[in-house]
Structure formats: C-alpha cells, structure tokens
Number of protein chains: 2
Amino acid sequence: MPRRHCARHGLREQVGRWTEPRDVILDVLSRSKGHLSAKEIYDALYSSHPGIGLTTVYRTLELFRRLGFIQKVASPDGQARYELRTEENKGHHHHLICLRCGKIIDYQDFADEELELVKKTEKALAQKHNFLILDHNIEFLGLCDKCRQAAGDI
Amino acid sequence: MPRRHCARHGLREQVGRWTEPRDVILDVLSRSKGHLSAKEIYDALYSSHPGIGLTTVYRTLELFRRLGFIQKVASPDGQARYELRTEENKGHHHHLICLRCGKIIDYQDFADEELELVKKTEKALAQKHNFLILDHNIEFLGLCDKCRQAAGDI
DNA sequence: TGTATTAATGAAAATGATTTTCATTAACTT
DNA sequence: AAGTTAATGAAAATCATTTTCATTAATACA
Ligand SMILES: [Mn+2]
Ligand SMILES: [Mn+2]
Ligand SMILES: [Zn+2]
Ligand SMILES: [Zn+2]
C-alpha cells in the first residue's frame with residue numbers, strides 16, 4: 001500500500017510484496033542516524049503503528065540485510081544493530097563502539113591507508129588459508145565521551 | 001587443591017581461592033589451540049570431571065578475562081569463544097572467521113603496517129570524538145576451506 | 001472491479017546462550 | 001582441626017532472536 005520508499009529504491013522486484021511494515025521500518029531507518037536495534041525500531045514504530053509486531057521487525061531487517069540494503073552490526077551489549085547503507089557510508093566505514101553504553105560512532109578517517117592494508121591482507125590470507133574472504137570489520141572499543149565521565153570500570 | 005597452573009601463572013594473589021574447576025578449565029585452555037566456547041570447554045571437561053557445571057565454566061572464564069588471562073571473541077554463530085593469551089599471540093593478532101561453521105583462524109601477517117595504522121587512527125579518533133580507546137578488533141569474514149566446498153549460500 | 005493465490009503478518013511458544021539465585025561445599029586463615 | 005566465607009552446582013530466570021501456525025492482505029488476473 002504505502003509507496004513512500006518502494007519506488008525510490010527500486011526494490012519492488014526483489015522484495016516480493018511491498019507492505020506497510022516494510023515501508024514504515026525503512027522509513028524509521030531512513031530518518032535515524034543509524035545503529036538501531038530491532039527493539040528500538042519497534043519502539044519507534046509503536047506509537048504510530050501499534051499493530052506491527054517485533055517479529056516482523058526482525059524478519060524485515062533480515063530481508064533488507066539479504067538485499068544489501070542495510071548493514072548489521074554486532075554490539076557488545078548483546079543485541080544486533082542495523083544501519084541503512086547510504087551513499088556516504090557505502091564504501092568503507094568502520095566503528096568506534098562504547099563498551100559501557102553500546103553507542104556506535106561511524107568513522108571514515110584514513111580510508112585510503114585502511115583500504116590498502118585490507119586489500120593486501122585479504123590477498124595474502126585468502127591464499128595462505130584457502131579462505132574466501134567476503135567482508136571485514138575494523139572496530140575500536142572503549143568509552144564514549146559521556147561514559148568516560150560516569151566513573152570508569154569495565 | 002590442584003597446583004598445576006596456580007604457581008605457574010602467579011595468579012594465586014589476584015584469583016582468590018584456587019580451586020579444581022579453575023585449574024582444570026585453565027588446563028583445557030592451555031592444551032587446546034584456542035577459540036573454544038564455554039560449552040566446548042564444558043564438554044571437554046565432562047569425562048574426567050562430570051561434577052563441574054557449565055555455570056562454573058562461565059564464571060571462571062569471566063574471571064580469567066577480567067584478569068587479562070584470556071581473550072573473549074564474539075563469533076557470528078552466537079556463542080562467545082575464548083582463547084588463552086600466550087607469548088606469541090599476546091601483542092597483536094587478528095582473526096579470520098568462517099560465517100558458516102564459526103571456525104576462527106589467527107593471523108599476524110602485516111602486523112607492522114597494521115600497528116602503524118591502528119596507532120594513527122586511534123590517536124585521531126580519540127581526539128576527534130573524545131573517546132577513550134581501550135582495544136580494537138580487525139577481522140575478516142568469509143568461508144573456510146571446508147565450508148567453501150559444501151556449496152555456497154550465506 | 002472482484003476474486004483467487006499465497007506471501008507476509010502477528011501472537012504465542014520455542015530456542016539457546018548466558019546470568020541469577022540460593023543452598024551446599026570446600027579453600028584458606030588462624 | 002575448626003571457622004569463615006568465597007566458590008560451586010542445580011535449577012530457574014533472562015533476554016535476544018527464531019519458529020510455528022492460523023489469519024490477513026498484496027498482487028495477479030478473470
Ligand atoms: Mn555505522
Ligand atoms: Mn585468536
Ligand atoms: Zn558510552
Ligand atoms: Zn567453515
């Protein structure tokens with residue numbers, strides 16, 4: 001029914017049926033700065049669409065991930081987080097993750113050096129271990145601005 | 001009671017009471033090539049020490065981690081894996097993770113380039129975001145030798 | 001514009017890793 | 001050897017995610 005995002009992303013073919021939950025979930029992901037958990041998306045939806053179940057949020061996120069539309073990020077707090085793949089972050093962006101509150105900050109600094117090293121490493125490791133490399137993660141773990149203050153034991 | 005590892009690692013002070021479960025769990029970690037899950041450790045123990053509970057395995061692993069004795073690695077299969085910190089792997093070693101079977105392979109290639117990039121990035125990001133960086137992960141995801149063969153859809 | 005087909009949904013139950021609770025045991029102090 | 005209390009183990013609880021299954025509704029097409 002709702003066509004806000006359907007045409008925009010030219011997904012109708014790959015997606016199957018374009019439903020209201022799918023449209024609304026995509027909308028939430030579009031508006032936010034990213035790194036939302038399934039529960040956070042569900043909560044954001046709830047006031048305007050109390051009918052949409054958490055199960056559907058999970059299923060839709062998995063669908064979007066399969067289509068390469070969003071990226072799933074493991075957070076040390078135990079719940080997965082999801083972010084839309086946009087023009088800017090599409091190529092290469094990595095994460096600064098707060099061990100206390102789970103906040104995730106994107107960064108793209110040193111992308112060139114990083115890419116160079118990643119390519120070199122991929123090539124060598126793929127050969128050495130006969131491993132098919134599909135993706136990589138680089139992340140820095142620590143304490144965010146806020147959490148540095150609120151005392152410090154992890 | 002058992003003193004196999006207690007003295008060896010000079011842990012008695014920091015650890016509190018040195019118990020048989022702690023000794024045996026450390027022994028399993030020492031013997032293995034690393035990257036064991038709590039359940040795998042429990043299973044390895046079971047034949048010789050059926051009395052040791054899975055709960056104790058979890059508690060002991062958390063203790064060892066707090067003491068910096070082992071490293072905890074998140075695996076995409078949903079269970080955490082643990083490896084002893086040894087002389088070789090202590091400094092810097094990263095992971096090749098199979099998305100299908102969860103196998104984790106250590107690598108240390110390009111450690112110098114990596115370290116250089118990591119330091120540069122850490123410095124810049126810590127300033128830029130007022131973030132206290134405590135650790136980092138670099139990992140390559142894909143399919144291991146075995147899993148490449150057993151067909152290919154992820 | 002109906003109507004049929006069946007993919008998508010939502011509620012509830014199941015799963016599976018990890019954590020908590022609490023009564024019992026045993027490591028270490030004296 | 002005895003007392004103190006940290007550590008343990010079994011069972012229950014938690015919590016994110018997945019599965020089940022009956023119902024709904026998006027799309028194709030008459
Ligand atoms: Mn991101
Ligand atoms: Mn390792
Ligand atoms: Zn934080
Ligand atoms: Zn594999």
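- Judged by distance alone with a 3.5 Å cut-off, no donor-acceptor contact links the side chain of A:Arg17 to the base of C:dA8.
- Between A:Glu40 atom CD and D:dT17 atom C1' there is a gap of 16 Å when expressed in whole angstrom units.
- Distance check: B:Thr86 OG1 to B:Leu29 CG gives 12.0 Å after rounding to the nearest 0.5 Å.
- An OP1 or OP2 oxygen of C:dT19 is reached within less than 4.0 angstrom by no side-chain nitrogen or oxygen of B:Tyr58.
- For A:Ile138 against A:His94, the heavy-atom pair with the smallest separation is O-CB, 3.1 Å.
- B:Asp77 places its CG atom 15 Å from the C1' atom of D:dA16, with the value rounded to the nearest Å.
- By the 4.5 Å heavy-atom criterion applied to side chains, A:Leu84 and A:Phe69 are counted as neighbours.
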Below 3.5 Å between N/O atoms, which protein atoms pair up with nucleotides 9-11 of chain C? Just atom names and distances, please.
| unit_1 | atom_1 | unit_2 | atom_2 | d |
| --- | --- | --- | --- | --- |
| C:dT9 | OP1 | A:Thr19 | OG1 | 2.6 |
| C:dG10 | OP1 | A:Gly51 | O | 2.9 |
| C:dG10 | OP2 | A:Gly53 | N | 3.3 |
| C:dG10 | OP2 | A:Thr56 | OG1 | 2.4 |
| C:dG10 | O5' | A:Gly51 | O | 3.4 |
| C:dG10 | N7 | A:Arg59 | NH2 | 2.4 |
| C:dG10 | O6 | A:Arg59 | NH1 | 3.1 |
| C:dG10 | O6 | A:Arg59 | NH2 | 3.4 |

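- Distance, B:Lys39 NZ to C:dT15 C1': 14 Å, rounded to whole Å.
- In this structure, the side chains of B:Thr55 and B:Tyr42 stay at 4.5 Å or more apart for every pair of heavy atoms.
- Distances were taken from every side-chain heavy atom of A:Ala80 (C-beta onward) to each of C:dC28, D:dT17, C:dT18; the shortest belongs to D:dT17.
- No side-chain heavy atom of A:Ile104 sits less than 4.5 Å from a side-chain heavy atom of A:Glu83.
- Straight-line distance from the CG atom of A:Asp23 to the P atom of D:dA25: 16 Å, rounded to whole Å.
- Between B:Glu62 atom CD and C:dA17 atom C1' there is a gap of 15 Å when expressed in whole angstrom units.
- Between the B:Arg59 side chain and the B:Leu54 main chain, no donor and acceptor come within less than 3.5 Å of each other.
- Side-chain contact between B:Phe140 and A:Phe131 is absent, with no heavy-atom pair separated by less than 4.5 Å.
- Comparing C:dT18, C:dA8, C:dA27 against the side chain of B:Ala38 picks out C:dT18 as the nearest.
- Axis orientation changes by 30° from one end of the helix from C:dT1-D:dA30 to C:dT30-D:dA1 to the other, with each end axis drawn from 5 pairs and the value rounded to 10°.
- We find that CZ of A:Arg65 is positioned 14 Å from C1' of D:dT17, with the value rounded to whole Å.
- For the pair B:Ile133 and B:Thr121, the minimum side-chain heavy-atom distance is 4.5 Å or more.
- Checked against side-chain hydrogen bond (donor to acceptor under 3.5 Å, both in side chains), B:Glu40 has the following partners two or more places apart in sequence or in another chain: B:Arg81.
- For A:Gln14 and C:dA8, the CD to C1' distance is 18 Å, given to the nearest whole Å.
- Rounding to whole angstrom units, CH2 of residue A:Trp18 and P of C:dT6 are separated by 23 Å.
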